[in-house]
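Here is the structure we will look at.
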Amino acid sequence: MKKQYWLVKQEPETYAWATFVADGQTVWDGVRNFQARNNLKAMQAGDAVLFYASMDPRQVMGIAEVAQTAFPDPTVPADEGWVAVKLRAVRALRQPVTLATIKADKALADIALIRQSRLSVMPLLRAEFDRIVQLGSA
DNA sequence: GCCAACGTTGGC
DNA sequence: GCCAACGTTGGC
């Protein structure tokens, strides 16, 4: 199936990019929002994922990929219906892309990160994904 | 620290 | 089923 593109958001205090890199792979659990959950369920192995650190420093830190598709979130009873995925860290962006940069970029004006700031798992268009990676490669 | 956006809860 | 109250998230 066609490769999809995503952005996941996390507060560094909860799970930092550096921790993710050190772990290599992690279970992305704790999502308690229906829209975000539906996005998790739609992920396929090999999909590309951007990792955004909210609050401080408000930057896209790096690239990950879906290592395992959705399974019941192990932190809550399975009958509650929440899911988790496994993500693998791929590489850091040479230069993190700040929220301010994203907001200032015309090509990224419509991304959910701006339009719906509270959503923690969101789809990206390939063009949006590529643009952020490009900005992070400068 | 404040406030806007949004989701959830509970009274009716 | 509507809507006000409240809680949470996250930008500023």
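Computed from a predicted structure; not experimentally measured. Naming: A, B, ... by sequence-line order, numbering from 1 per chain.
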Under 3.5 Å, which donor-acceptor pairs link side chains of residues 115-124 of chain A to any protein atom two or more places apart or in another chain?
unit_1, atom_1, unit_2, atom_2, d
A:R115, NH1, A:D110, O, 2.3
A:Q116, OE1, A:Q35, NE2, 3.4
A:Q116, NE2, A:Q35, OE1, 2.9

Quick one: side chains of residues 92-100 of chain A, donor-acceptor pairs under 3.5 Å with protein atoms, not counting sequence neighbours, listed by atom name and distance.
unit_1, atom_1, unit_2, atom_2, d
A:R94, NH1, A:S137, O, 2.9
A:T98, OG1, A:T101, N, 3.0
A:T98, OG1, A:T101, OG1, 2.8

Just distance, no hydrogens or angles: give the donor-acceptor pairs under 3.5 Å from side chains in residues 71-79 of chain A, sequence neighbours left out.
unit_1, atom_1, unit_2, atom_2, d
A:D73, OD1, A:T75, N, 2.8
A:D73, OD1, A:T75, OG1, 2.6
A:D73, OD2, A:G30, N, 2.9
A:D73, OD2, A:R32, NH1, 2.9
A:D73, OD2, A:T75, OG1, 3.4
A:T75, OG1, A:R32, NH2, 3.0

Mind listing the side-chain donor-acceptor pairs of residues 49-60 of chain A below 3.5 Å, one per line with the distance, residues two or more places apart or on another chain?
unit_1, atom_1, unit_2, atom_2, d
A:R58, NE, A:M55, O, 2.7
A:R58, NH2, A:M55, O, 3.2

Using a cut-off of 4.0 Å between protein heavy atoms and nucleotide atoms, how would you tag nucleotides 7-12 of chain C 5' to 3' with B, S and -?
BBBBSB
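Atom CE in A:M122 sits roughly 17 Å away from atom P in B:dA5 (whole-Å rounding).
Under the side-chain contact (heavy atoms from CB on, under 4.5 Å) criterion, A:F34 pairs with A:R37, A:W82, sequence neighbours left out.
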